[in-house]
Every structure is written in C-alpha cells, then in structure tokens.
Amino acid sequence: MDLSLTPIPEQFYQRTEVTDIARELLGMHLVTRIGGDITGGKIVETEAYRGITDRASHAYGGRRTARTGTLYSHGGIAYVYLCYGIHHLFNIVTGPEDTPHAVLIRGIEPLYGVDLMLSRRNMPSLKPQISAGPGALSKALAIDRRHNGLELNRGEIWIGDAPGLDSKEEIISSARIGVAYAKEDALLPWRFSLKGNPFVSRPRPK
DNA sequence: GTGCGGATGAACT
DNA sequence: GTTCATCCGCACT
C-alpha cells in the first residue's frame, strides 16, 4: 500500500466552489489513523452541500446551532454528525470561514487496512456494502462524532492526492440521496460518483 | 420540557 | 418493498 501520497493542502478546501471540490475529491484517498491503526480507500462518491442557500444543507437560511457551528469554520476540517441515532456521517467543511459549505463522503473503495475494516464491519469477506454509503464507510474507518471539528492533515484523518483517475473512469453527477425534504433543491445534480464503481451507494428503492 | 423525525443500514417478508 | 434500530438536534411551548 502506498501511504506516501501527499495530503491535500488546506487551500484546496478553502476555495468557494463546493461542487468543484466534491467532484475533484473523486479518486483521492481518504485515510484514518485511529489509535495507530491505518485504514482507508479511494473516494468514489461525494455530495456537495452549498451553505445557506441550499435547502438540503444543515446551514440553510443561515441556521447556526451547537451542531451546525462546525460548518461555519474554515475549510479543511471534519463535520461529523449522528444520523438516525445510529450512523456517523463524515463531511469535509469547505470555503473560507463563515461560508458553511461541505462535502459529504458517501463511498470509498477499500485500499488500506482492509482486514481491520472487515473486522469493524463484522464481515467475513469483502463486499461493496463494507463502505458503500456514508454510515458504512464511517464505521469501517472508525470515524465518529469525536472527530467533529477535527482539523485534517494532523495525522488522524486526511485525504491524500492520488495519481488521478484512470482514463476509463467516468464521473457522473446525479441528484443527492435522502434529501426529499429539500423540495426543489432535492433535484440539484450535486452528487458525484465514478460510473459503475461497485462501492458507490445506491438510492433507496421505492 | 416535550415531541418529532432524520444527508441510513440491515434484516425481514 | 417494509420495518426497525436508536439518539439527539431542534423547533416549539
């Protein structure tokens, strides 16, 4: 495994176009080092949440609470929150301070510490469900709410710049998942994924 | 203080 | 396709 990948500098996250950042994160490597244990993989699915104008965002309308305060920090820190009382969802805050944009990481292809990821997921063998979906990948990487507000690139959670996508890998955009409550914004094509990659999550069937 | 429901996953039928 | 797990954020009283 190649962990010599250069961590993405903070400036990458502090740009203002969160949709560009979400797209560009595809193919890069999300890695955690929790208690000395390294796990991680290639990002294959992301979603952009665009601050106060996006009905799907926790910061819609400028809402700022104990939970969403993290979103108003500068780009390059983790926003982790508990969803449905069970699942920890990992986002990266982007933009300058007071611009509450974020990218939700929704799927990774395991590359590092796969056996440990299997163990954390209670799975005997590698299947896409190990890390396809935001709650699943957080469990596989041992990310939880303790990491909310954590600065990336400090040795616990970081994203490494990868060689780039293979020429046959295609990026597609689609509507975000699970945001029906966002009304017209639910249809924005702000979900990005690598076409055909098995570690991309699937929308809930009707 | 109370009540509702969620950026989901997995086990059911 | 349906149901349930399981907790807290957040709006409202």
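In what follows, chains are A, B, ... by sequence order, proteins preceding strands, each numbered from 1. No experiment lies behind these values; they were computed from the predicted model shown.
Using a 4.0 Å cutoff on non-hydrogen atoms, the parts of residues 68-82 of chain A near DNA chain B are A/Tyr81, ordered by number.
The side chain to side chain donor-acceptor pair (under 3.5 Å) test applied to A/Ser73 returns no partner, not counting sequence neighbours. Residues passing the side chain to side chain donor-acceptor pair (under 3.5 Å) test with A/Asn148, sequence neighbours excluded: A/Thr70. A/Arg145 meets the salt bridge (charged side-chain N to carboxylate O under 4.0 Å, His left out) test with no other residue; sequence neighbours excluded. Take A/Glu24 and apply the salt bridge (charged side-chain N to carboxylate O under 4.0 Å, His left out) test, not counting sequence neighbours, and it matches A/Arg15. With sequence neighbours excluded, the residues forming a side chain to side chain donor-acceptor pair (under 3.5 Å) with A/Lys42 are A/Glu169, listed by chain and number. Partners of A/Asp98 under the salt bridge (charged side-chain N to carboxylate O under 4.0 Å, His left out) rule, at least two apart in sequence or in another chain, are A/Arg64. A search for salt bridge (charged side-chain N to carboxylate O under 4.0 Å, His left out) contacts involving A/Arg191 returns A/Glu45, not counting sequence neighbours.
To the nearest angstrom, P of B/dG6 lies 13 Å from OH of A/Tyr49. In this structure, A/Phe192 atom CZ and B/dA7 atom C1' are separated by 15 Å, rounded to whole Å.
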For DNA chain B, the dot-bracket pattern of Watson-Crick and G-U pairs whose distances stay under 3.5 Å, | for other-strand partners: ||||||.|||||.

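A salt bridge links A/Arg176 with A/Asp54; the closest basic N to acidic carboxylate O contact falls under 4.0 Å. Note on A/Arg106 versus A/Glu47: salt bridge recorded, some NZ/NE/NH1/NH2 to OD/OE distance being below 4.0 Å.
Contact footprint of chain A on DNA chain C: nucleotides with an atom under 4.0 Å from a non-hydrogen protein atom, first to last in 5' to 3' order, C/dG1 to C/dA11.
Residue pairs meeting the side chain to side chain donor-acceptor pair (under 3.5 Å) criterion with at least one member in residues 78-97 of chain A, sequence neighbours excluded: A/His58-A/Tyr79.
Of the listed residues (A/Val31, A/Leu152, A/Asn153), just one forms a side chain to side chain contact (heavy atoms under 4.5 Å, CB included) with A/Pro7, and that residue is A/Asn153.
A donor-acceptor pair is defined here as one N or O able to donate and one able to accept, closer than 3.5 Å; such a pair exists between the side chain of A/Tyr72 and the backbone of A/Gly62. At least one donor-acceptor pair under 3.5 Å links the side chain of A/Thr68 to the backbone N or O of A/Thr65.
A/Arg64 comes within 4.0 angstrom of nothing in the nucleic acid, heavy atoms only. At a threshold of 4.0 angstrom between heavy atoms, the contacts of A/Arg176 with the nucleic acid are absent.
Nucleotides B/dG5 and C/dT3 place their C1' atoms 16 Å apart, quoted to the nearest Å.
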Please encode protein proximity along nucleotides 8-13 of chain B as a string of B, S and -, counting only heavy-atom distances under 4.0 Å. BBB---

